[in-house]
6 protein chains.
Amino acid sequence: MQISGRNKLKGRVTSVIPGTVTAEVEVDIGGGNRVAGVITRRSLDEMGIKNGDEITALIKATSVMFIKE
Amino acid sequence: MQISGRNKLKGRVTSVIPGTVTAEVEVDIGGGNRVAGVITRRSLDEMGIKNGDEITALIKATSVMFIKE
Amino acid sequence: MQISGRNKLKGRVTSVIPGTVTAEVEVDIGGGNRVAGVITRRSLDEMGIKNGDEITALIKATSVMFIKE
Amino acid sequence: MQISGRNKLKGRVTSVIPGTVTAEVEVDIGGGNRVAGVITRRSLDEMGIKNGDEITALIKATSVMFIKE
Amino acid sequence: MQISGRNKLKGRVTSVIPGTVTAEVEVDIGGGNRVAGVITRRSLDEMGIKNGDEITALIKATSVMFIKE
Amino acid sequence: MQISGRNKLKGRVTSVIPGTVTAEVEVDIGGGNRVAGVITRRSLDEMGIKNGDEITALIKATSVMFIKE
């Protein structure tokens with residue numbers, strides 16, 4: 001299976017904050033980096049995401065900006 | 001200066017593809033990960049982004065999905 | 001494999017417009033509906049998407065708005 | 001009135017989950033497909049969206065990804 | 001007609017850059033502010049957007065970040 | 001510091017709605033316009049955003065649609 005979303009960052013869940021409609025999931029992707037995402041509460045429950053799980057963050061290239069100092 | 005975009009991934013530019021309206025920039029963020037982003041051509045030119053530059057990918061948490069195998 | 005993106009709309013590719021950086025793909029999802037998406041040209045090439053292919057449009061719930069008349 | 005958002009999927013509301021800041025709305029768009037969206041709670045209230053309403057999901061083409069098996 | 005997208009900024013088109021797949025449109029919304037958007041080339045052509053047109057920028061609240069100095 | 005996000009709209013916070021996972025912030029950007037954004041609750045707290053603060057809304061051009069009457 002192939003997904004057009006260009007960025008797939010594999011990691012381990014370090015934090016889950018469940019809300020009524022949405023939920024925040026934070027993942028340690030290595031190299032000192034963490035990625036936080038907000039998904040629907042329903043997806044969180046259906047996928048059973050919890051601390052320590054191995055999951056992959058998926059990010060579409062058009063959602064990425066850049067900062068230059 | 002603080003930005004609400006939760007994900008800031010520092011890296012080095014490995015590829016730039018300039019188009020008429022948009023441009024693709026790919027960054028090596030360490031840990032074996034690369035992040036590709038599509039920005040406007042005008043931003044690319046104004047920021048003078050080129051191979052080897054140190055830049056930071058900025059991603060809003062609501063743009064992040066998760067895959068679980 | 002599970003993806004947190006809530007909307008998966010299966011269909012058949014009816015049109016592909018390749019550009020330098022991005023590409024537009026249009027899919028007939030049945031029920032008289034078509035879905036158009038803009039992905040990177042690199043994803044188009046790597047996935048080898050062409051007219052007639054069976055593919056699934058994936059849309060994160062936070063990207064969906066509603067219109068009421 | 002014309003909107004640049006390319007995807008307009010007409011349907012009937014099958015579920016509403018109101019939260020403090022956001023709300024989830026699910027719509028049956030026919031052909032066996034449902035589309036879920038997360039909007040602000042304020043938009044939900046101002047538009048008075050409820051089960052059974054006829055509404056149209058609006059999705060910008062740059063928010064659409066594709067999966068190929 | 002009501003749209004859940006919370007931000008509607010009315011203005012006048014000051015620049016159009018057409019590409020193969022996408023197009024950039026810039027709008028003067030008053031108060032010294034300009035808003036640039038990237039839409040599909042097909043939407044640009046179908047809507048016949050050109051310099052001087054009165055149009056409204058539509059932005060979903062989940063796409064807005066904040067910077068504080 | 002330069003950010004590729006093309007739209008930076010400076011204003012003053014007129015309303016904050018904190019939720020468990022997300023928060024809504026509304027900003028008066030002048031010229032009779034307001035911009036509402038949904039960010040994570042954690043960003044709201046870390047940045048200490050409150051009524052009356054001077055902040056800048058940041059919007060990526062690929063998130064902007066247009067309406068023409």
Side-chain angles (χ1 to χ4, degrees), chain C, chain D:
Chain C
M1 211 197 68
Q2 289 171 289
I3 304 178
S4 67
R6 282 283 293 282
N7 303 298
K8 287 130 194 152
L9 305 169
K10 201 172 264 189
R12 199 168 284 277
V13 178
T14 53
S15 143
V16 173
I17 307 173
T20 309
V21 174
T22 58
E24 185 187 307
V25 175
E26 202 172 49
V27 177
D28 183 333
I29 59 163
N33 287 316
R34 291 194 177 197
V35 170
V38 171
I39 60 175
T40 60
R41 171 65 190 271
R42 204 176 281 190
S43 283
L44 183 86
D45 291 346
E46 282 175 14
M47 295 174 70
I49 296 173
K50 57 184 191 310
N51 272 332
D53 279 1
E54 276 202 16
I55 66 177
T56 298
L58 170 67
I59 301 154
K60 194 169 162 51
T62 46
S63 301
V64 177
M65 282 151 287
F66 294 105
I67 302 171
K68 196 178 164 187
E69 323 235 357
Chain D
M1 211 196 70
Q2 290 172 290
I3 303 178
S4 68
R6 283 283 294 280
N7 303 298
K8 287 130 194 152
L9 305 169
K10 202 172 262 189
R12 199 169 286 275
V13 177
T14 54
S15 142
V16 173
I17 308 172
T20 310
V21 174
T22 59
E24 185 188 307
V25 175
E26 202 171 50
V27 177
D28 183 333
I29 59 163
N33 287 315
R34 288 192 180 200
V35 169
V38 171
I39 60 175
T40 59
R41 172 64 191 270
R42 203 175 282 191
S43 283
L44 184 84
D45 291 345
E46 282 176 10
M47 295 174 69
I49 296 173
K50 57 184 191 307
N51 272 333
D53 280 0
E54 277 202 17
I55 66 176
T56 299
L58 170 67
I59 302 153
K60 194 168 160 53
T62 45
S63 300
V64 177
M65 283 151 284
F66 294 105
I67 302 171
K68 197 177 164 185
E69 322 240 352

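Reminder, nothing fancy here: chain letters follow the sequence lines and each chain counts from 1.
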Pairs of donor and acceptor atoms involving the side chains of residues 27-34 of chain C, under 3.5 Å and at least two apart or interchain, shall be tabulated with distances.
unit_1, atom_1, unit_2, atom_2, d
D28(C), OD1, G30(C), N, 2.9
N33(C), ND2, I29(D), O, 3.4

Nearest 0.5 Å please: distance from the CD1 atom of I3(D) over to the CE atom of M65(C). 8.5 Å
Do you know the tightest heavy-atom contact between V64(C) and G37(D)? CB-CA, 3.7 Å
How about residues 9-22 of chain D versus chain C: which residues have heavy atoms under 4.5 Å apart? L9(D)
Checking R42(C) now: which residues fulfil side-chain hydrogen bond (donor to acceptor under 3.5 Å, both in side chains) with it, not counting sequence neighbours? none
Can you pull the side chain to side chain donor-acceptor pair (under 3.5 Å) pairs that have at least one residue in residues 60-69 of chain D, sequence neighbours excluded? D53(C)-K68(D)
Using a cut-off of under 4.5 Å on heavy-atom pairs, state which of I67(C), I39(C), I55(C) scores highest against chain D. I67(C)
I'd like to verify something: which residue of E54(D), M47(D), E26(D) has the highest number of heavy-atom pairs under 4.5 Å with chain C? M47(D)
If I measure from the heavy atoms of chain C, does E24(D) come under 4.5 Å with its side chain, its backbone, both, or neither? side chain
